[in-house]
There are 2 protein chains.
Amino acid sequence: MSSTTERSTERSTERRAPLTRARVLQTAADLADTAGIDALTIRRLAERLGVEPMSLYYHVPNKEAILDGTIEVVFTEIEEAVGGFAVPETDAAWKASLRERILTARTVMLRHPWAPGVMDTRAQLGLTAARYVDSVVGTLRSGGLSFDLIHHAMHALGSRMYGFSQELGEPEDESADSAAMEQMAEHVPHLAAMLSVVRHVDPDSTLGWCDDQFEFEFGLDIILDGLERLARNA
Amino acid sequence: MSSTTERSTERSTERRAPLTRARVLQTAADLADTAGIDALTIRRLAERLGVEPMSLYYHVPNKEAILDGTIEVVFTEIEEAVGGFAVPETDAAWKASLRERILTARTVMLRHPWAPGVMDTRAQLGLTAARYVDSVVGTLRSGGLSFDLIHHAMHALGSRMYGFSQELGEPEDESADSAAMEQMAEHVPHLAAMLSVVRHVDPDSTLGWCDDQFEFEFGLDIILDGLERLARNA
DNA sequence: ACCTGAACACCGTTCAAGT
DNA sequence: ACCTGAACACCGTTCAAGT
């Protein structure tokens, strides 16, 4: 099994690119995409890379750095998707520009549903994520907002700025959700009433009760409209 | 060491209340409060309870149930803090009522900084959390909003409804944050400019750059004001 | 009914070594 | 310079047993 025959699929030097930091991080993100974030362990990652677990430590200091790296991979995708992070000096249509950038970021986030959860556990912003945030600040600035208002705006947007709302994570088991709700319906009369109405309005949404895309835009627009109003009255 | 002398601190039947589900969950929340969420392991929890790890499994099916239970503990505290979840049928001051309930919930969340992160990983709402959400729905209903608008409102509020914004987690290391930002200042000119202005405005905030309470209310008010406007135009 | 002990299948990581 | 093997200190959990 440790034979050095040329047809060994694991050891053939032609089949495997050399191990690099970039390949480790890209493969980590791929693994999370295909097998879920819980499957992203040092040992399983090494296996997918055709290498021993300890080999990773030569390219990366520890698991935290791998998680940081997967977020970096995601924001690099966002950078491509939005056509770079450059912003004009002034932009009368700042609101539309920002809205579009955020909704584009969201399409990338939807491909990596583990990313929001991992981002929540990061202590600091990586470079590419910071450059994304910078472009958001720059766009608000191009609309003439004061830095003070911009600062508040960042807090008001929160993670919505990155294109996800809390619930993006995973719906997972809609019918269990529905069943659990019915179980406690008598204890939550208002909630139950709301759901029965909403479900009636949109009986066969593919996403359970809610059209997540619509809801995301609804919340985003409330905030952007509110910021615009504050900027006008300043 | 397994002597049955009466002065054994671990085994004395007088010193230790009987193990119950409620005591397991309350102690789990206490452990997370005092030692951090990472310290909440079955083994350490058992140790704090003066019991063997496997004993917990008699009262609770697995670790997920323990995490569910700690959230239940938190929302029970919120229920007390807000004086119960009952809401009037109609309430002209619905916006002020809701604002106050959310800000009170926030004071509880601030005592349990691990709770937002744990909530993010819960698949479903527990009963007490659901009853809290029900009171939010009820209050919006008491203001005459349609169930459809209420449904959108819930999405717009997101986790803000529970009294936390994404960043509540832990500031942890403000100076490292600051240092990291300076490191990449040239790559994030807009962000750096904003921070230098904001820092100047509030040079010695106890919470790093930001007054989190102010920012939380700012974002909350933008959303509540937007909802009010939509309700009026309906 | 309530608690335990030994064991299993996993983790991330250290350290000293191989090529 | 790059990768590995053995070992350590942890996890959550099963299963069969004790009282």
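In what follows, chains are A, B, ... by sequence order, proteins preceding strands, each numbered from 1.
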* D/dA1 C1' sits how many Å from A/R21 CZ, rounded? -> 18 Å

* To do: State the pairing partner of D/dT19; accept Watson-Crick or G-U wobble contacts with both distances under 3.5 Å, and report none otherwise.
  => C/dA1

* Looking across every strand, which nucleic acid part, if any, lies under 4.0 Å from B/T41 by heavy atom: base, sugar-phosphate, or nothing? -> sugar-phosphate

* Complement of C/dC11, any strand, by Watson-Crick or G-U distances under 3.5 angstrom -> none

* Side-chain N,O (B/Y58) to OP1/OP2 (C/dC3) below 4.0 Å -> no

* To do: Let me know the distance between CG of B/L67 and C1' of D/dG12, rounded to the nearest Å.
  => 12 Å

* To do: Name the closest nucleotide to the B/V51 side chain, picking from D/dC3, D/dC11, C/dT4.
  => C/dT4

* Options D/dT4, C/dG5, D/dA7, nucleotide nearest the side-chain atoms of A/R43 -> D/dA7

* Structure fact -> From CD of B/E52 across to C1' of D/dT13 the rounded distance in Å is 15 Å

* Is any side-chain N or O of A/H59 closer than 4.0 Å to OP1 or OP2 of D/dC3? -> yes

* Asked: Regarding B/T34 and B/R48, is there a side-chain donor-to-acceptor distance under 3.5 Å anywhere?
  -> yes

* Structure fact -> Those residues at least two apart in sequence (or on a different chain) that pass side-chain hydrogen bond (donor to acceptor under 3.5 Å, both in side chains) with A/R21 are none

* **Nearest-Å distance for atom pair CG/P, residues A/L19 and C/dT19** => 20 Å

* **Residues B/R122 and B/D68 bridged, charged N to O under 4.0 Å** => yes

* To do: Check whether NZ of the Lys or CZ of the Arg A/R106 lies under 6.0 Å from the centre of the six-membered ring of A/F216 and within 45 degrees of that ring's axis.
  => yes

* Asked: Starting at CG of B/L56 and ending at P of C/dG5, how long is that distance when rounded to a whole Å?
  -> 14 Å

* To do: Examine C/dT13: is either OP1 or OP2 under 4.0 Å from a nitrogen or oxygen in the side chain of A/Y57? Give yes or no.
  => yes

* Proximity to the side chain of B/I42 - top-ranked nucleotide from C/dC3, C/dT13, D/dT13 -> D/dT13

* Using atom CG of B/D38 as one end and atom C1' of C/dG12 as the other, report the distance to the nearest whole Å. => 13 Å

* Asked: Taking atom C1' of D/dC11 as reference, at what distance in whole Å does atom CD1 of B/I66 sit?
  -> 13 Å

* For a side chain to side chain donor-acceptor pair (under 3.5 Å) with B/T128, tell me which candidate from B/E77, B/E72, B/E79 qualifies. => B/E72

* Asked: Whole-Å distance between C/dC11 P and A/I37 CD1?
  -> 13 Å

* Asked: With respect to the side chain of B/M54, which nucleotide from D/dC2, C/dA7, C/dG5 is positioned closest?
  -> C/dG5

